[in-house]
A.B. asks: 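The structure's right below; bear with me while I get my questions together.
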Amino acid sequence: MLTRLLSGDRPRSLVLTVILLAILGALAFAPFLFPGVRSLETAARICIFIVLVASYDLLLGYTGIVSFAHTMFFGLGAYGVALASDAMGRGWGALAVGTVAGALAAAVLAAVIGMFSLRVRAIFFAMITLAVASAVAVLVSQLSAITGGEDGLNYSIPRELTPAFRLGEVMGVRINGKLLNYYLVFTCCLVLFLVLLRVVNSPFGRVLQAIRENEFRAEAIGYRVVYYRIIATCLSASVAALAGSLFAIWLRYVGPDTTLSFTIMLDILLMVVIGGMGTIYGAVIGAAIFVLAQNYLQTLMGSAAEATAGLPLVPDLLNPDRWLLWLGVLFILSVYFFPTGIVGRLRTGR
Amino acid sequence: EIRIAHVYGKTGPFEAYAKQSHDGLMLGLEYATDGSMEIDGEPIVVIEKDTQLKPDLGKALLAEAYGDDDAHIAVGPVSSGVALAMLPVAEEYERLLIVEPAVADSITGENWNRYVFRTGRNSSQDAISNAVALGGEGVTIATLAQDYAFGRDGIAAFREALDGTGASIAHEEYVPTDTTDFTAAAERIFTAMKDIEGEKRLFIIWAGGGNPMSKIQAMDPSRFGIEIATGGNILAALTAYKELPGMEGATYYYYEIPQNPVNDWLVKEHMARFDSPPDFFTAGGMAAGIAVVEAIRKAGGAEDTEALIAAMEGMEFETPKGMMRFRPEDHQALQSMYHFRTEVQEDKDYGVPVLVREIGIDEMDIPVRNQ
Amino acid sequence: MSVAPDHSPTFARTSLAERLSRAAPYLLVPVLVVLGFLAIGAPSSWLTLTVSGLAMGMMIFVMASGLTLVFGLMDVINFGHGAFISVGAFVGISVLLALGSWTGAPSLALNVAAVMLAVVAAMIVTGALGWAFERVIVRPVYGAHLKQILVTVGGLIVIEQLIHVVWGPDEIFLTRPETLKGAFTFAGAAIEKYRLLAVVVGLVLFVAMRLVFTRTKIGLIVRAGVQNGEMVEALGYRLRLVFIGVFIAGSALAGLGGVMWGLYQEVITAGMGEEMMILVFIVVIIGGLGSIEGAFIGALLVGLLQNYIAFLEPKLALISNIGLMTAILMWRPQGMMPVVEAK
Amino acid sequence: MSDPILSLSGVCTDIAQYHILQGVDLEVGRGGVTMLLGRNGVGKTTTLRTVIGHWQARAGSIRFDGQEITRMPTPDRARAGIGFVPEDMGIFSGLTVEENMTLAAASGPLDTARRDWLFSVFPPLRTFWRSAAGTLSGGQKQMLSIARAMAEERRLYLIDEPTKGLAPAIISTMVGALRELKSQGASILMVEQNFAVAKALGDQVAVMEDGCIIWTGAMADLAADAALQERLMGLSMEVEA
Amino acid sequence: MTQPLLESRDLTVRFGGHVAVDAVSCAFAAGELTAIVGPNGAGKTTYFNLISGQIAASAGQVLLRGEDITRQSVARRCAGGLGRAFQLTNLFPDLTTLENVRLVIQARRAKGFNLLSMAASDNDLRDAALAVLERVRMTALRDTRVSELSHGNQRKLEVAMLIALDPAVYMFDEPTAGMSADEAPVVLDLIAGLKAERDRTILLVEHKMDVIRTLADRIIVLHNGALAADGPPGEVMAMEVVQEAYMGKDLALV
Ligand SMILES: Nc1ncnc2c1ncn2[C@@H]1O[C@H](COP(=O)(O)OP(=O)(O)OP(=O)(O)O)[C@@H](O)[C@H]1O
Ligand SMILES: Nc1ncnc2c1ncn2[C@@H]1O[C@H](COP(=O)(O)OP(=O)(O)OP(=O)(O)O)[C@@H](O)[C@H]1O
Ligand SMILES: [Mg+2]
Ligand SMILES: [Mg+2]
């Protein structure tokens, strides 16, 4: 049963299993284990990014396609919900319409980009997606009448999902709409993750790996590489869009900086690589570590800077304002120390 | 204890502005409490939060400030996008958010809620003051702005305000936000303007780097009798104004312009502590700090948000820019702007904006847009 | 000794169309200029736009030239290039600011000397930085594109932050040396003086690079080394040294580009190089990997097209670069005149 | 053997965690051709790669012309006078044939007389001089790879299965060319599966099994002894028809 | 005469001005083993590439069972029954030997677009793949990554993958190059076995004359891209053009 749920792709390492279970547990009981606005915020972000990163891993790790347009699809999902809520008013219908429309739009757009440019060389494809993504970001900023431009959109979601909806108290934790919202996000993310896990372990997933390894030969034994690539791109795009919709439901705000920026794209890339490319489980670890670092690194550096206040130079470098510096260092070190990602390292034991 | 959260983009591209804003806030609190950092015996605690210029993070941090840290009042942020994301949080927690220095009109416009006040100027104030400064009978104006909401709204407000001054707009040019080569834009403007008689001005609204002024100036617009005009800017950016002596426009702040005790104190203290004059965002931050203290004093404490709102609506307070007043309708602080002319001065390596005339609160008809 | 019978394949003559298509990239710039003239009509505007577009292209070429070496030839996707551009600008501009009396004087000789000094300083610093970058960051990731993207982005962030630490977080505004300010007017067209300097620098650089690559084996060694480094070493070349050298050269050229760009923009920020990266990558790609001529033509096309389109239809200016890239890749999936086959 | 040009003693090489070579002792006589034979996967290629320095020996020593080269970087070994034809040919497919050859002449421009000689041995090189090497046929690539090693005079050639994919006519000219090299004083260490070629060219033979040399001796002895062949290589090559 | 299984009509390809395959017309009947010989660069591999679709023809046609497949994609032709092993090894280097073969069988059974089943639990595929490995005596290497195999074993795997594909037309391009004297016979026996089944069409490019002599029903000779000879082995081998251009003088080496 469990094996089927995990599609036969068990973590294959004791330490990894323990870590994954810990993360699962922490996320499942986050509101009770770590009360507070900030921690719930962080937990929801981790859930969403796990799915987003996993969907990117499908593309990058399994199919070997480097795309910089993943945030664009993420954004499509988010804007789908935002625009629908904006246009149709607060309501479940708006969420559903926005989500479905976002996912469909992402799939279609992915197919179009794929058909036009998957034939060019991998590295050029990467650059084309980069250019397209930046063009879309500019477009969103230009169509400010619809999208809110740089400033983004605020909108309302059903009352049942907001803090105003109060249900009572359990174990000293207030049960309100926000909590329901969190569990909506959590459940959807868990399901999407398991679906992705199944896809990469299906015969289809195996073909993707073959294409990544040697596209020429895959074609020669009878796989139509272009179709497989396009399907993988569409699938990955629509899952990213779904993650975007969840993000929009959770945040009740969308804007170019939260969903479309190149910085997020790089974050995703880093999460995939830290976690371990082509493992799906890597997404869980990568997203958890990264989002935690992003949220708490500054705080941590603040205390470290205080602790080292007496030393020369050190506190300067540990100044919380320099957290980006350490993020950069993290980028570099992760590739050095985890060339196969954390999952890869745990599995080989080296 | 009074907890004030400063939620702003400490790191990221606007790091320089953020530092000014924070220094200003602290100076404002200090000034308004006469250095005691206490209001009616209650000590003030300032909690800093870094939005990294990310709206989602800004939102989470503001929620954290209200929810986990129990802050009474929040101040910030630098960027409009972040500010807009933060507005609903204030409503949700029913706590005050004093926006400073984000400028988008919609903060006190369509996205406003009653927990939001703004000490910073809004885009309309900028645009209208410039219209007042530049407009005049028989003047023909072309505009150049970035092609996104900030630029287009600014020009729209400018155009509206120009109505009735006798000036007319002959051409509006919008270019992509990241434009670096202005040759084509300038050629289009020249083409549109060259056959027009009378006084001709090119008004530029530009945010961020990539300064178009000196590039267009280098193409010698005086050939066609066109003068360049633009609003004020932070000190560092005034370097470019040195190439444009005599240029006119309206500015928000320049430390030598306002003549009042608050500004005198600010300039003196800032020189003493940071060895440099205060800038745009220092002044803004200070205004926010003073507003916070005044409001709490007036309401008799920081606990009761409703009392604070009641106290602040219509409240007048002294700032480095002179008296400001929170308009009750949309909580926007009304304030003076300054019509300036650029001069090259011996000891300064930038073009100095010299006051032509103060444009008072009553001279600018800032529309209320939150209905 | 027996001599093997040659098999003598039949070679037909290459057709006219084929020879024409080989020359096509060289014709693109003149064709575009003529089309521009037809579309714009007004000769003075056309002249202004054309000259300034070509000059802008030259500046872009200067910034992209280093990347043709590092990305085009060595196949390293180096986002750090953007950081080198910024560092070059900061170092160069610092030197210029220090030489205020030279730049402030209305003497062309003094001004140019100051700029030269600034360029040399910038190239030395960025070259050294490139050396460190190669040793620490790039060496373990040769051949692995994805990792290159990550580590070089990491390097980019670190260097940008260090710029903040050294020069502070503020943007630095500056003015150009006295004699490079303003413009010439000629036949109703105004042409910035500084752009003429850019044209000279761009042309000199182009010729110099061509000479180096036609006269030495360096280009061959790098191209072969990327494909099969072991074999190049087995032929007796110290590949490491060559790679380091080329990487340093590429970084130093970024420094040169940074100074030129900083002087053009008259404001420098830590992120200025990063902002140019997409454009610079586009130029290298449409030119064809590893091709100096290609990058040169590509840069000119980008500069010209941007100006023409911004004049004719500003709304489209936004997509002019992407459109150009898409069109060229549709026409030639490997870029205009690839020297290195893309992976 | 007196004064061998290349001698390996106790060479062990690991690839990742596998111990591939397990103490190889081998000598290549000056001015002679030594054939390295053995089944698939016994470590012949690994031996050659260890000599040129593509794999590092974990233990043992390699001496070339009296000089210890065990820890020397590959380029220095090549400059010391070792030419290498790898098993996978190592063609620079993005470069033209001409560029491949230009690179092969590491110490200066390619000598025209030598080039013409190579043209006569491998005529297609002339025909496709300006074509991209990647578009050559399998056999033509093999020719280019061999020609590359011969572009300059070397004292020792390491050649890994040169005849695979070559048509008989080319094989015979190539054998002729190698003989000519030998007559000029060069030494050759060659891996070969084609026993007829090995027999025609080899002076000495070393046979490998499981990362060790299990037999060395004169080519003539092995060629004449079907039983020995059977024992060493799993089956007997047809002894001279 | 019955319709040939595979046929090329005036098949031509030009690279720039170079005519690599020059109007080759040739038909292959079912159950026949045809050896293709010719000097290096004669166009043998290119001819294969044209038939299996890796290269688009400049002129001429390829017909499979009478149907024109000249414009079909590689994958379509493969599904139609054209199978191919490569002269230069061309595998999935980071996957195991077993996975390489398994992928082929999965392709043959058209299970690739199955997104939601579990690949690992498909025992049929696995058993079929193991059976193929057994036939080439590579069972012991089933879990080795392909990049860690020696050259000779990679060549064997190349053949195994073609056998796993089990096409109507087998195209072998120098299957035994680089294989040691004791391994080559395994592969040759396999080919002989296929031939004995008499319902497979086999095209074989080989430079080893003894192999051709024992296996071929028919030999065609390509020279400078053109068809220079076509006929039974004995006859063709005796022809002067073959002797001259192909064998060279030193017959002892062949
Ligand atoms: N990169 C590698 N990683 C791991 N093992 C390897 C690698 N390369 C070769 N091997 C293993 O080393 C052993 C010896 O390989 P080598 O290539 O030296 O054999 P060989 O004698 O040349 O065989 P062949 O005749 O097939 O070319 C083989 O068992 C092979 O599987
Ligand atoms: N893509 C290509 N571009 C240009 N020329 C090519 C291309 N492919 C093959 N050729 C040329 O076509 C000719 C025939 O090559 P092919 O590989 O078919 O030879 P072959 O008969 O298989 O030879 P070998 O026995 O050496 O494998 C060669 O001269 C080769 O250079
Ligand atoms: Mg071998
Ligand atoms: Mg061939």
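Labels below follow one simple rule: chain letters A, B, ... track the order of the sequence lines, proteins then strands, and each chain is numbered from 1.
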A.B. asks: Is a donor on one side and an acceptor on the other found under 3.5 Å between the side chain of A:T147 and the backbone of A:V140?
C.D. replies: yes
A.B. asks: Check each atom of C:V141 against the heavy atoms of chain A and say whether the ones under 4.5 Å are side chain, backbone, both or neither.
C.D. replies: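 When you check distances to chain A, only side chain atoms of C:V141 fall under 4.5 Å.
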A.B. asks: Restricting to ring-ring contact (aromatic ring centres under 6.0 Å, His included), what partner residues turn up for C:F71, sequence neighbours left out?
C.D. replies: C:F281
A.B. asks: Side chain, backbone, both or neither: which part of C:I77 has a heavy atom under 4.5 Å from chain A?
C.D. replies: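 Answer is side chain: those atoms of C:I77 sit under 4.5 Å from chain A.
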A.B. asks: Would the number of heavy atoms belonging to other residues, nucleotides or ligands and lying under 6.0 Å from OH of A:Y296 be above 12?
C.D. replies: yes
A.B. asks: To see if you've got the definition right, give the donor-acceptor pairs under 3.5 angstrom between chain A and chain C.
C.D. replies:
{"residue": "A:R121", "atom": "NH1", "partner": "C:A342", "partner atom": "O", "Å": "2.8"}
{"residue": "A:R121", "atom": "NH2", "partner": "C:E341", "partner atom": "OE2", "Å": "3.4"}
{"residue": "A:A122", "atom": "N", "partner": "C:K343", "partner atom": "O", "Å": "3.2"}
{"residue": "A:I123", "atom": "N", "partner": "C:K343", "partner atom": "O", "Å": "3.3"}
{"residue": "A:Q142", "atom": "OE1", "partner": "C:K315", "partner atom": "NZ", "Å": "3.4"}
{"residue": "A:R322", "atom": "NE", "partner": "C:Q161", "partner atom": "OE1", "Å": "2.9"}
{"residue": "A:R322", "atom": "NH2", "partner": "C:Q161", "partner atom": "OE1", "Å": "3.3"}
{"residue": "A:Y336", "atom": "OH", "partner": "C:V136", "partner atom": "O", "Å": "2.0"}
{"residue": "A:P339", "atom": "O", "partner": "C:K147", "partner atom": "NZ", "Å": "3.1"}

A.B. asks: Is there a side-chain contact between C:V138 and C:M74, using heavy atoms and a 4.5 Å cut-off?
C.D. replies: no
A.B. asks: Measure across C:M325 and A:I128 and return the closest heavy-atom pair with its distance rounded to 0.1 Å.
C.D. replies: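 Taking every non-hydrogen atom into account, CE-CA, 3.8 Å.
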A.B. asks: Could you tell me how the ring of C:F79 sits relative to the ring of A:F262: parallel (under 30°), tilted (30 to 60°) or perpendicular (over 60°)?
C.D. replies: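 Geometry flag for A:F262 against C:F79: tilted rings.
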A.B. asks: Do C:I244 and C:F247 come close enough that some side-chain heavy atom pair is under 4.5 Å?
C.D. replies: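 Sidechains of C:F247 and C:I244: no contact.
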A.B. asks: Does any pair with a residue in residues 282-306 of chain C pass ring pair (Phe, Tyr, Trp, His ring centres under 6.0 Å), and if so which ones, sequence neighbours excluded?
C.D. replies: C:F61-C:F296, C:F206-C:F296
A.B. asks: Listed by chain and number, what are the ring-ring contact (aromatic ring centres under 6.0 Å, His included) partners of A:F74, not counting sequence neighbours?
C.D. replies: A:F247
A.B. asks: For chain C, which of A:L139, A:V272, A:V66, A:L269 has the most heavy-atom pairs under 4.5 Å?
C.D. replies: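 Of the candidates given, the most pairs with chain C belong to A:L269.
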A.B. asks: Do you know which of C:L329, C:I278, C:L146 has the most heavy-atom pairs under 4.5 Å to chain A?
C.D. replies: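 Among C:L329, C:I278, C:L146, the one with the most close pairs to chain A is C:L146.
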A.B. asks: For the interface with chain C, which of A:L333, A:V132, A:L270 has the highest count of heavy-atom pairs at distances below 4.5 Å?
C.D. replies: A:L270
A.B. asks: What part of A:F125 gets within 4.5 angstrom of chain C, counting heavy atoms only: side chain, backbone, both, or neither?
C.D. replies: neither
A.B. asks: Go through the atoms of C:I149 and report whether side chain, backbone, both or neither lie under 4.5 Å from a heavy atom of chain A.
C.D. replies: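 Side chain of C:I149 only, per the 4.5 Å heavy-atom cut-off to chain A.
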